[in-house]
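FYI, the numbering just counts along the sequence from 1.
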Amino acid sequence: MPFSLWLTLLLACVVISFTPGAGAINTMGNALAHGFRRAIWGILGQQAALVVQIVIVALGVGVLVASSPLLFDVIRYAGAAYLAYLGIRQILRRPIADETADASDRSPVTAAESRWSMFLRGLWVNLLNPKAIVFFLAFLPQFIRPAEPLAPQYLTVAVTVVAVDIAVMWGFFALAAHGFRRFTRSARGQRTLDVVFGGLFLGVAVLLLFVH
C-alpha cells in the first residue's frame with residue numbers, strides 16, 4: 001500500500017474512531033466502573049469484533065449480509081436487543097457505597113467484573129452491528145488495490161484500524177471517563193452515572209432499530 005494512501009487510511013480511522021457510538025459508551029462505562037487499566041479488556045473485545053468484520057468483508061460474506069434484508073434485520077434486532085439489555089441492566093444495578101476505599105484503580109462501589117466478561121461484552125457490542133459490516137463494505141475498497149496481493153493489504157488495513165481504535169478508545173474515551181470516577185465514591189454518584197450510561201445504551205439501541 002502506498003504511503004500516501006496509508007496516511008489517508010490513518011486519518012479516516014482517526015475520524016471514525018472519535019465518532020461516539022456503542023463502543024465508546026461501553027469503554028467509558030468500563031473505565032468508570034472498573035478503572036482505566038481494566039477498561040482495556042472491553043476495548044480488546046471490541047477490536048476482536050472489528051477484525052471479524054473485516055475478515056467477513058474480505059471473504060465476501062459481507063455482501064450477503066448487505067444484500068439480504070432478512071439477515072441484516074436479524075443481526076440488527078439482535079444487536080439492538082443486546083444494547084437495550086446492557087442499558088436496562090446498568091440502570092437497575094444497585095451500587096454499594098464504600099467511603100473507606102483507597103486510591104486503587106478499582107471502583108469501591110462496583111464489584112469487579114472478570115476480564116473475560118468485559119472482553120465478551122466488548123466483542124458483542126461491536127459484533128452485533130450489521131451497519132459496521134455495510135460500512136466496511138463501502139470503506140475498505142477505497143484502500144484495496146485488486147491487482148495487488150490482497151492479504152497484505154487487508155492485514156495493513158486491519159492493523160491500522162485496530163491500532164487507531166485502541167489508541168482513541170483507551171487514550172481518549174477511557175481516560176476522559178476516568179476523570180469522573182470521583183462520582184463513584186458515593187452510592188448517589190454511582191447511581192447517577194449508571195442511569196446516564198444505561199440511557200445512552202438504550203438510545204443507541206433505538207437508533208440501531210429506527211435509523212436506516
Side-chain angles (χ1 to χ4, degrees), residues 1-28 30 39-83 118-175 204-205 207-212:
M1 178 180 293
F3 184 68
S4 58
L5 184 61
W6 180 80
L7 283 180
T8 304
L9 170 65
L10 181 65
L11 178 60
C13 288
V14 170
V15 173
I16 294 165
S17 293
F18 271 108
T19 303
I25 296 170
N26 186 59
T27 297
M28 295 180 74
N30 283 338
I40 189 62
W41 295 101
I43 294 171
L44 291 178
Q46 293 167 200
Q47 305 318 306
L50 291 181
V51 171
V52 170
Q53 289 164 340
I54 291 174
V55 170
I56 286 174
V57 171
L59 294 177
V61 181
V63 176
L64 175 63
V65 175
S67 60
S68 171
L70 177 60
L71 182 57
F72 183 90
D73 283 342
V74 167
I75 299 174
R76 181 164 62 95
Y77 289 135
Y82 184 64
L83 291 175
M118 294 172 71
F119 179 90
L120 285 178
R121 180 154 47 81
L123 175 71
W124 289 115
V125 162
N126 269 8
L127 200 57
L128 291 174
N129 182 6
K131 293 187 177 182
I133 296 177
V134 175
F135 169 78
F136 277 127
L137 274 173
F139 177 74
L140 293 186
Q142 313 301 320
F143 304 97
I144 301 298
R145 297 294 179 262
E148 301 176 8
L150 296 178
Q153 296 183 74
Y154 277 111
L155 180 61
T156 299
V157 169
V159 170
T160 303
V161 168
V162 168
V164 170
D165 204 55
I166 289 177
V168 172
M169 289 295 149
W170 209 26
F172 179 77
F173 288 110
L175 193 61
V204 174
L207 288 175
L208 191 59
L209 281 177
F210 297 109
V211 177
H212 299 279

Could you go step by step and tell me if I133 and F136 meet the side-chain contact (heavy atoms from CB on, under 4.5 Å) rule? CA-CA 5 Å; I133 296 177; F136 277 127; 5.8 Å; no

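Taking CE of M118 as the reference point, atom CD1 of I43 lies at 8.5 Å (rounded to 0.5 Å). Rounded to the nearest 0.5 Å, atoms CD1 (I40) and OG1 (T27) are 8.5 Å apart. The CD atom of Q46 sits 14.5 Å away from the CH2 atom of W124 when rounded to the nearest 0.5 Å. Between the OG1 atom of T8 and the CZ atom of F3 there is a distance of 10.0 Å, given to the nearest 0.5 Å.
Using cut-offs of 30° and 60° on the angle between ring planes, the pair F172 and F18 is perpendicular.
Taking both residues in full, the closest heavy atoms of N126 and A49 are given as CB-CB, 3.4 Å, listed atom of the first, atom of the second, then distance. Listed here is the closest heavy atom pair of A22 and V125: CB-CG1, 3.6 Å.
Residues passing the side-chain hydrogen bond (donor to acceptor under 3.5 Å, both in side chains) test with N30, sequence neighbours excluded: R121.
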Donor-acceptor contacts, no H, no angles, side chain residues 153-166, under 3.5 Å, sequence neighbours left out:
from : atom 1 : to   : atom 2 : distance (Å)
Q153 : OE1    : R145 : N      : 2.6
Q153 : NE2    : R145 : O      : 2.9
Q153 : NE2    : E148 : O      : 3.3
Q153 : NE2    : P149 : O      : 3.0
T156 : OG1    : P152 : O      : 2.8
T160 : OG1    : W6   : NE1    : 2.9
T160 : OG1    : T156 : O      : 2.8
D165 : OD1    : S17  : OG     : 3.0
D165 : OD2    : Q47  : NE2    : 2.8

